[in-house]
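What follows is a short report on a single structure.
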Amino acid sequence: MLIFEKSRPGRGALLIPECEVPVTLPEDKDLRQTSLHLPEMTEGELSRHYTELAKKSHGVNDGFYPLGSCTMKYNPKVDEDMAALPGFTQIHPLQPEHTVQGCLEVLQTAEKLLCEITGMDHMTFQPAAGAHGEFVGLLLIKAYHTHRGDTKRTKILVPDSAHGTNPASAAMAGYSVVSIPSGADGCVDLEKLRAAAGDDVAGLMLTNPNTVGLFDKNILEITSIVHECGGLCYYDGANLNAVMGTVRPGDMGFDVIHLNLHKTFSTPHGGGGPGSGPVGCKSCLSEFLPSCLVEGEEKKTFVKPEHSIGEIKEFYGNFLVVVRALTYILTLGREGIPEASQNAVLNANYMMNKLKDLYTMAYDEVCMHEFVMSLSDLKKATGVSAMDIAKGLLDNGIHPPTMYFPLVVGEALMVEPTETESKETLDEAVAVFRELYERAQTDAESLHQAPVTTPVTRLDEVGAARHPVLRYVFES
């Protein structure tokens with residue numbers, strides 16, 4: 001039941017003191033003609049309502065959450081404690097710089113450490129999310145070519161194993177997208193890349209490890225091919241959780257990168273935000289970065305690069321997300337950052353090897369932080385689809401992995417266990433996957449009906465997509 005349906009006239013939860021200053025109302029012509037539809041409830045009813053909603057949701061704090069390519073990992077509470085400090089929360093973006101020197105030091109320190117991790121020279125924290133960062137990175141590439149008078153470069157190369165936002169971001173930046181197919185090994189087809197790499201190519205967008213969970217063994221040759229044709233290389237950092245502290249995109253030949261602080265660096269992820277998608281770049285692109293870069297030692301100040309692309313978000317980005325990410329980095333340190341990645345890779349390979357005797361792996365080789373299963377054979381034999389297995393997981397308290405993505409794998413389930421899960425949790429999840437596989441052979445119909453124990457059972461997803469109900473209609 002919605003909160004509006006629980007509302008009763010005359011009930012309330014607050015006692016507002018009498019206003020101490022004269023009340024001035026707008027003229028009648030500027031006043032609302034109808035009352036606001038605000039719910040009227042007691043404090044107790046309100047508390048119960050949101051507690052009930054919380055019990056119906058499933059998050060990392062509730063159980064296993066192996067959502068592929070999204071790194072839904074545990075967020076340490078110390079990160080939240082630091083982001084809640086009054087010196088960070090009780091500030092205003094228009095305060096004079098000398099009154100927020102500590103906040104500027106946070107941005108400066110985070111830039112230094114993230115550049116060290118990624119192999120970049122400079123970084124902006126303005127982008128609000130990963131896709132926003134992609135767009136900014138492409139604008140930097142565009143500004144670079146335009147500044148040099150090289151306006152014939154109108155194409156961006158995007159491997160078919162890239163994240164789905166990559167071609168969308170390239171199109172938004174005004175580029176034509178050229179899809180580069182994968183080879184049989186799941187990596188970029190080098191011959192097709194060479195054929196596409198001409199003097200009209202502005203750059204390459206590449207996710208590494210890619211979306212099928214493989215580190216491209218030809219990565220140095222890939223970036224070399226693009227550089228030889230005059231293009232720049234963009235690194236989608238959404239999968240950096242697999243390699244942070246072990247290898248650096250900048251050392252692989254990439255010129256620009258976005259990071260998902262709300263994934264890799266363990267700030268809250270999901271529910272629509274807040275996100276942060278900082279963009280790092282090599283020095284050849286730094287003169288085009290958005291403003292609000294921090295410089296100075298004793299006295300820190302914001303600066304704007306000479307040929308900046310301009311503001312891409314108000315003020316300085318989602319600052320408190322940066323505070324959380326910096327806390328995470330400082331807590332783990334130089335030894336902990338690579339250990340987190342290595343444990344993520346270990347967990348993914350452990351699960352994959354425990355399941356590959358039943359489930360068909362899209363690529364049966366050592367994976368990185370995630371692996372992709374193809375349930376095409378299972379569906380042909382039993383009629384049980386990837387969707388059915390995913391719904392069956394819900395009945396067992398496990399959030400489903402990513403379904404039907406990447407598109408290059410039929411009936412795909414993409415599993416990312418992350419480094420924060422124990423062996424016991426992984427073993428329990430493996431047992432559930434195996435039980436569902438066996439049930440597909442003997443009782444497929446029960447999986448077609450799943451889930452049956454959740455607050456909301458199997459939905460008509462096609463109907464919901466074609467006829468969405470997006471707003472509540474009040475009686476009056």
Side-chain angles (χ1 to χ4, degrees), residues 75 79-118 120-140 143 169 237-238 240 256-269 271-283 285-330:
N75 304 312
D79 301 358
E80 299 300 314
D81 291 342
M82 295 303 102
L85 291 174
F88 295 141
T89 60
Q90 296 180 12
I91 60 172
H92 191 282
L94 293 179
Q95 277 183 238
E97 292 173 353
H98 73 272
T99 68
V100 287
Q101 287 293 296
C103 297
L104 269 61
E105 185 173 354
V106 165
L107 293 172
Q108 190 178 55
T109 305
E111 178 183 13
K112 176 184 176 182
L113 295 179
L114 289 171
C115 282
E116 182 177 347
I117 290 171
T118 60
M120 295 293 150
D121 297 319
H122 297 281
M123 190 160 294
T124 174
F125 291 99
Q126 273 204 338
H132 196 194
E134 291 176 18
F135 181 61
V136 172
L138 286 161
L139 292 183
L140 295 179
S169 296
L240 194 72
V256 59
I257 177 178
H258 93 264
L259 302 175
N260 293 77
L261 296 188
H262 52 281
K263 292 184 184 183
T264 313
F265 297 97
S266 199
T267 61
H269 184 193
S276 182
V279 171
C281 66
K282 292 293 186 67
S283 56
L285 294 175
S286 60
E287 63 180 309
F288 308 109
L289 284 168
S291 63
C292 303
L293 302 179
V294 180
E295 289 187 358
E297 295 299 329
E298 294 297 323
K299 181 181 179 182
K300 304 180 192 307
T301 185
F302 285 119
V303 297
K304 184 173 185 175
E306 182 180 2
H307 300 292
S308 172
I309 60 174
E311 312 313 308
I312 47 86
K313 188 182 184 299
E314 66 276 10
F315 303 115
Y316 321 113
N318 287 329
F319 173 68
L320 294 180
V321 178
V322 181
V323 173
R324 292 178 175 96
L326 178 60
T327 305
Y328 179 76
I329 294 170
L330 292 175

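Since the structure is predicted, the reported quantities are computational estimates derived from the model, not experimental observations.
For the atom pair CD1 (Ile309) and CD (Glu287), the distance works out to 12.0 Å, reported to the nearest 0.5 Å. Note that the CG atom of Leu240 and the NE2 atom of His258 stand 9.5 Å from one another [nearest 0.5 Å]. To the nearest 0.5 Å, atom CE of residue Met123 and atom CG of residue Leu293 are 11.0 Å apart. In this structure, Arg324 CZ and Phe319 CZ are separated by 11.0 Å, a value rounded to the nearest 0.5 Å. Here the OG atom belonging to Ser286 is positioned 12.0 Å from the CE atom belonging to Met120, to the nearest 0.5 angstrom.
Put simply, the side chain of Asn260 does not reach to within 4.5 Å of the side chain of Phe265, judged on heavy atoms. Ile329 places a side-chain heavy atom less than 4.5 Å from the side chain of Leu114. Proximity of Leu289 to Cys281: side-chain heavy atoms (C-beta onward) are separated by under 4.5 Å at one or more points. Residues Phe125 and Val321 are not in side-chain contact: their nearest non-hydrogen atoms beyond the backbone lie 4.5 Å or more apart.
With Asp121 contributing its side chain and Lys282 its backbone, the two residues share no donor-acceptor pair below 3.5 Å. Thr327 places a side-chain N or O within donor-acceptor distance of the main-chain N or O of Val323, the cut-off being under 3.5 Å. Although no hydrogens or angles enter the test, the distance criterion places no donor-acceptor pair under 3.5 Å between the side chain of Glu311 and the main chain of Cys292. Between the side chain of Gln126 and the backbone N or O of Lys313 there is at least one donor-acceptor pair closer than 3.5 Å. Judged by distance alone, the side chain of Glu134 and the main-chain N or O of Ser169 form no donor-acceptor pair under 3.5 Å. In this structure, Asn318 contributes its side chain and Ser276 its backbone to no donor-acceptor pair below 3.5 Å. Under a 3.5 Å cut-off, the side chain of His132 and the backbone N or O of Ile312 do form a donor-acceptor pair. Under a 3.5 Å cut-off, the side chain of Gln95 and the backbone N or O of His92 do form a donor-acceptor pair. Between the Thr267 side chain and the His262 main chain, a donor and an acceptor come within less than 3.5 Å of each other.
Considering all non-hydrogen atoms of both residues, Gly87 and Cys103 come closest at O-SG, 3.7 Å. The minimum heavy-atom distance between Pro290 and Thr124, with the atom names listed, is CD-CG2, 3.9 Å. Taking each heavy atom of Val279 and Gly133 in turn, the nearest pair found is CG2-O, 3.3 Å. Residue Leu107 comes nearest to Val322 through the heavy atom pair CD2-CG1, 4.2 Å, listed as atom of the first residue, atom of the second, then distance. Listed here is the closest heavy atom pair of Pro127 and Val136: CG-CG2, 3.9 Å. Across every non-hydrogen atom of Ala238 and Lys263, the tightest pair is CB-NZ, 3.7 Å.
The six-membered or imidazole ring of Phe302 lies near that of Tyr316, with a centre-to-centre distance under 6.0 Å.
Taking the charged nitrogens against the carboxylate oxygens, Glu105 and Lys300 have no contact shorter than 4.0 Å, which rules out a salt bridge.
Each of Thr264, Leu261, Asp79 was evaluated against Tyr328; a single residue qualifies, Asp79, per the side-chain contact (heavy atoms from CB on, under 4.5 Å) test.
Within a 6.0 Å radius of CD in Glu295, no more than 12 heavy atoms belonging to other residues, nucleotides or ligands are found.
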